[in-house]
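One structure is given here, and the rest of the page talks about it.
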2 protein chains.
Amino acid sequence: MGIVRKTKSVKEILAFFSTKNEAKSAVQLIEFFKDKMNRTTVYRILDRLVEEGILHSFNGKEGLKWYAKCQGCSSEHHSDVHPHFQCTDCDKVECLPTNIALPNLNNRSIDSVDFFLTGKCATCNS
Amino acid sequence: MGIVRKTKSVKEILAFFSTKNEAKSAVQLIEFFKDKMNRTTVYRILDRLVEEGILHSFNGKEGLKWYAKCQGCSSEHHSDVHPHFQCTDCDKVECLPTNIALPNLNNRSIDSVDFFLTGKCATCNS
DNA sequence: AAATCTAATGCAGTTTAGTTGCAATAACAA
DNA sequence: TTGTTATTGCAACTAAACTGCATTAGATTT
């Protein structure tokens with residue numbers, strides 16, 4: 001497990017995620033940071049932060065990669081098994097603070113759980 | 001709504017899905033049919049079959065598009081809201097014959113539900 | 001604080017899934 | 001058999017994500 005240096009770029013991305021509690025796509029982050037760092041750097045930092053358990057990632061509706069801050073996760077233990085909700089109006093993606101009810105899996109063992117919902121968020125629904 | 005002609009290619013793809021009950025990715029189908037039809041044709045037929053309610057599609061772990069046969073769906077009514085399970089050993093994707101328990105959505109309205117699990121399937125687990 | 005080590009970065013090029021425009025072809029109806 | 005038009009193949013395109021490599025900049029040691 002390589003050391004992760006807290007570079008300027010890493011700090012920027014961490015600061016970004018610590019303010020807002022929504023998920024962001026790699027594409028959005030690349031656009032947001034385009035004057036501060038290279039696209040490749042964004043991808044690589046996101047990878048590292050996921051490996052460290054600081055962010056979790058999942059695939060959105062169009063197959064894009066999304067990232068959000070983990071709550072109480074580490075590289076060893078991942079407790080972030082919750083649904084993600086994308087609004088079809090404003091495109092925001094929220095982490096829903098609920099546990100996922102697993103279906104009956106018979107003789108299957110489980111590795112990862114992705115629960116992705118789309119619809120209208122509370123704001124766009126009012 | 002355009003007429004969908006039962007061409008040779010359409011029949012091939014329908015026959016393929018009627019034999020096996022597992023899901024297949026667009027990439028797998030393109031590879032499988034590479035001597036019989038063009039990649040573009042595969043994509044377009046899949047699109048049409050989804051529109052007609054004959055297949056349903058969802059996004060797999062790596063953001064790839066997957067397709068499986070619907071059970072009792074039409075272009076008007078879609079009843080195929082079930083989890084999908086991909087084996088990390090044999091890569092097969094199964095449709096789990098269970099309903100998905102929805103979380104509490106507060107003031108959100110819902111459009112689509114994607115529940116994707118990975119792990120070891122019953123066969124690879126024994 | 002200078003020298004050193006190596007993780008992290010930028011850049012350009014590459015890969016791959018999926019899409020589009022258009023001319024040619026093949027279902028299907030008359 | 002002819003005519004209509006949905007469908008196909010092809011080539012070019014788009015966009016997300018990845019890779020190799022030379023350079024830069026954190027961290028560590030002296």
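Just so we're on the same page: letters track the sequence lines, and every chain starts at 1.
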> Within this structure, what is the CZ-to-C1' distance between B/Phe33 and D/dG9, rounded to whole angstrom?
Replying inline: 17 Å

> Rounded to the nearest 0.5 Å, how far does OG of A/Ser25 lie from OH of A/Tyr67?
Replying inline: 9.5 Å

>> Distance check, rounded to the nearest 0.5 Å: B/His56 atom NE2 versus B/His82 atom NE2?
In response: 3.5 Å

> If the sugar-phosphate is the primed atoms plus P, OP1 and OP2 and the base is the rest, what is the B/S/- string for nucleotides 17-30 of chain C, using protein heavy atoms under 4.0 Å?
Replying inline: SBBBB-----BS--

>> Between P on D/dA25 and CE on A/Met37, what's the gap in Å once rounded to a whole number?
In response: 14 Å

> Do A/Phe33 and A/Phe16 have ring centroids that are under 6.0 Å from one another?
Replying inline: yes

> Who passes ring pair (Phe, Tyr, Trp, His ring centres under 6.0 Å) against B/Phe115, sequence neighbours left out?
Replying inline: A/Phe115

> Say you draw a straight line from NZ of A/Lys69 to CD1 of A/Ile54; how long is it, rounded to the nearest 0.5 Å?
Replying inline: 10.5 Å

>> I need the CZ-P distance between A/Arg48 and D/dC18, as an integer number of Å.
In response: 14 Å

> How bent is the helix from C/dA1-D/dT30 to C/dA30-D/dT1, comparing axes over its five end pairs at each side, to the nearest 10°?
Replying inline: 30°

>> With rounding to the nearest 0.5 angstrom, report the CG to CZ distance, A/Asn38 to A/Arg44.
In response: 7.5 Å

>> How many whole angstroms separate atom CD of B/Glu52 from atom P of D/dA6?
In response: 14 Å

> Under 4.0 Å between a side-chain N or O of B/Asn38 and OP1 or OP2 of D/dT8?
Replying inline: no

> Within a reach of under 6.0 Å around CG of A/Asn107, are more than 12 heavy atoms found that belong to other residues, nucleotides or ligands?
Replying inline: no

> Rounded to whole angstroms, how far apart are NZ on B/Lys36 and C1' on D/dT7?
Replying inline: 18 Å

> Between B/Thr118 and B/Thr88, is there a donor-acceptor pair closer than 3.5 Å when you use the side chain of the first and the backbone of the second?
Replying inline: no

> Can you tell me how far P of D/dA16 sits from CD of A/Glu62, to the nearest Å?
Replying inline: 10 Å

